[in-house]
Amino acid sequence: MMRILLLGGTTEASALAKQLAVAGRDAVFSYAGRTARPVSQPLSMRLGGFGGVAGLVEYLRSEGISHVVDATHPFAAQMSANAVAACAEAGVALCALERQPWQAGEGDSWLSVTDMQGAVGALPQSGARVFLAIGKQNLDIFATKPDNHYLLRLVDAPEGALPLPDTTVIIARGPFDAAGDQALMAQHGITHVVAKNAGGVGAEAKLQAARALGVPIVMIDRPQVPDRKILRTVGEVMTWLEHS
Ligand code: 3Y8
Ligand code: NAP
């Protein structure tokens with residue numbers, strides 16, 4: 001009997017959830033519980049971590065999961081690594097639904113860095129106006145360059161003080177559109193954008209906006225994730241489920 005665990009948190013995960021619901025598949029949608037009010041899904045949902053690899057193995061066994069689709073964000077590297085290890089241990093089929101990285105195009109001025117520390121290093125010491133569109137989990141490492149102005153876009157209002165002294169905070173959840181991001185960046189006189197190479201469409205508005213405004217982008221490469229089967233579209237995943 002097929003029972004699917006969908007590790008979500010991305011636009012593609014939500015699109016797959018709709019297809020699974022329409023197909024009447026027995027599936028559970030899983031969020032980390034990172035935000036206050038996650039978008040609801042047409043599948044039964046669970047919130048919160050599993051408790052590492054061991055917790056996930058226990059969940060797979062006790063819930064009778066036969067297939068895992070890892071549709072988490074390319075930067076959710078810990079979850080993806082845990083899924084590889086737990087599915088191998090529990091003998092459960094695994095595939096990832098992962099979008100391609102963005103490539104710099106005509107008129108783009110990207111500075112590619114390998115990780116968040118590299119992004120901090122790529123910024124001026126002072127006087128820059130930086131659109132820091134990387135969420136809230138990694139803000140503290142930018143505190144070594146406090147003399148820039150940072151425009152922060154967060155999903156939820158921050159609890160307590162931010163680690164940066166000179167900020168403007170926008171509370172918004174994507175997906176975003178290019179015109180909106182261009183107006184936002186022009187209004188704030190942005191001189192640099194810092195972005196994760198998330199791929200997909202939900203976060204790419206700021207790339208288009210930066211291109212239109214001639215603003216350089218500090219682009220953070222994706223973290224390493226262990227090998228697993230990677231599919232690129234919802235359709236491929238539906239076919240994989242039918243044939244595996
Ligand atoms: C909790 C679920 C959907 C999924 C929508 C996508 C698109 C909009 C763009 C910017 C960049 C950023 C951030 C972003 C985008 C989609 C997708 C995507 C980037 C939600 C969601 C959860 C999260 C977690 C959140 C992180 C943060 C990252 C904001 C829901 C809305 C910056 C990634 O405040 C926090 O702690 C936020 C944490 C992880 C990165 C970080 O490290 O801070 N996503 N984002 C998921 C869970 O609990 O399991 O609340 O509804 C989902 C989406 N966010 O169904 O339509 O597919 O990527 N999410 C990045 O790409 O750089 C915003 O502002 O331009
Ligand atoms: P992460 O660093 O890879 O994972 C840290 C821990 O969070 C995992 O070990 C796991 O806890 C728990 N976790 C992560 N995703 C989960 C899920 N879908 N269901 C249940 N538990 C989950 O993850 P992250 O980067 O914080 O991302 C968290 C969520 O936000 C994911 O759903 C991801 O798709 C979404 N998201 C992330 C980004 C981003 O930039 N990182 C962008 C957009 C959306 P246990 O070890 O206890 O199981």
Side-chain angles (χ1 to χ4, degrees), residues 5-18 28-43 45-60 68-86 96-99 101-102 116 119 131-142 150-159 162 169-178 180-182 184-185 190 193-210 217-226:
L5 172 64
L6 173 48
L7 300 173
T10 59
T11 309
E12 291 74 15
S14 299
L16 176 59
K18 287 186 181 68
V28 180
F29 190 102
S30 179
Y31 277 122
R34 191 72 77 241
T35 58
R37 283 170 303 288
V39 161
S40 67
Q41 297 291 341
L43 300 173
M45 285 164 62
R46 66 170 298 290
L47 277 171
F50 296 94
V53 174
L56 181 51
V57 170
E58 174 52 34
Y59 179 87
L60 295 174
V68 173
V69 180
D70 175 358
T72 60
H73 189 276
F75 279 69
Q78 187 59 61
M79 184 71 256
S80 294
N82 288 3
V84 171
L97 173 54
E98 185 179 273
R99 57 253 185 143
W102 294 313
M116 291 285 169
F131 182 17
L132 205 44
I134 57 166
K136 85 175 172 209
Q137 295 184 94
N138 303 99
L139 295 179
D140 46 352
I141 60 173
F142 290 84
Y150 294 96
L151 171 63
L152 308 179
R153 180 153 64 185
L154 307 175
V155 178
D156 297 316
E159 297 112 15
L162 288 164
V169 178
I170 308 270
I171 303 300
R173 150 200 315 257
F176 302 102
D177 69 276
D181 276 8
Q182 186 171 337
L184 178 71
M185 289 165 57
I190 295 301
V193 175
V194 176
K196 298 173 178 175
N197 197 327
V201 294
E204 76 176 342
K206 57 188 175 289
L207 310 191
Q208 291 150 0
I217 295 183
V218 177
M219 183 59 76
I220 304 165
D221 291 343
R222 296 175 171 187
Q224 289 299 315
V225 167

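Atoms within each ligand, like the ligands themselves, are counted from 1 in listed order.
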Heavy-atom nearest option to [atom], drawn from [options]:
{"atom": "atom 29 (C) of ligand 2", "options": "Gly9, Ala32, Ala13", "answer": "Ala32"}
{"atom": "atom 2 (C) of ligand 1", "options": "Tyr31, Phe131, Phe75", "answer": "Tyr31"}
{"atom": "atom 46 (O) of ligand 2", "options": "Gly200, Gly49, Gly52", "answer": "Gly52"}
{"atom": "atom 43 (C) of ligand 2", "options": "Gln137, Arg222, His73, Gln78", "answer": "His73"}
{"atom": "atom 7 (O) of ligand 2", "options": "Arg34, Arg46, Met79", "answer": "Arg34"}
{"atom": "atom 42 (O) of ligand 1", "options": "Arg153, Glu12, Gln137, Arg173", "answer": "Gln137"}

Quick one: look up the protein heavy atom nearest [atom] and list residue, atom name and how far away it is.
{"atom": "atom 47 (O) of ligand 2", "answer": "Gly51 N, 2.9 Å"}
{"atom": "atom 21 (N) of ligand 2", "answer": "Gly48 O, 3.4 Å"}
{"atom": "atom 31 (C) of ligand 2", "answer": "Gly8 O, 3.9 Å"}
{"atom": "atom 19 (N) of ligand 2", "answer": "Ser30 OG, 2.7 Å"}
{"atom": "atom 48 (O) of ligand 2", "answer": "Phe50 N, 2.7 Å"}

Any atom of ligand 2 sitting under 4.0 Å from a heavy atom of [X]?
{"X": "Gly135", "answer": "no"}
{"X": "Leu56", "answer": "no"}
{"X": "Ala71", "answer": "no"}

Is the contact between Asn82 and ligand 2 made by the side chain, the backbone, both, or neither, using heavy atoms and a 4.0 Å cut-off?
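Contact part for Asn82 vs ligand 2: side chain (C-beta onward).
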
What's the shortest heavy-atom distance between Lys206 and Asp181, and which atoms?
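Distance-wise, the nearest heavy atoms are N-OD2, 3.1 Å.
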
Under-4.0 Å heavy-atom contact between protein and [atom]:
{"atom": "atom 40 (C) of ligand 1", "value": "yes"}
{"atom": "atom 59 (N) of ligand 1", "value": "no"}
{"atom": "atom 35 (C) of ligand 1", "value": "yes"}
{"atom": "atom 26 (O) of ligand 2", "value": "yes"}
{"atom": "atom 6 (C) of ligand 1", "value": "yes"}

For ligand 1, indicate whether the residue Asn138 contacts it via side chain, backbone, both or neither (heavy-atom separation under 4.0 Å).
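Side chain only.
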
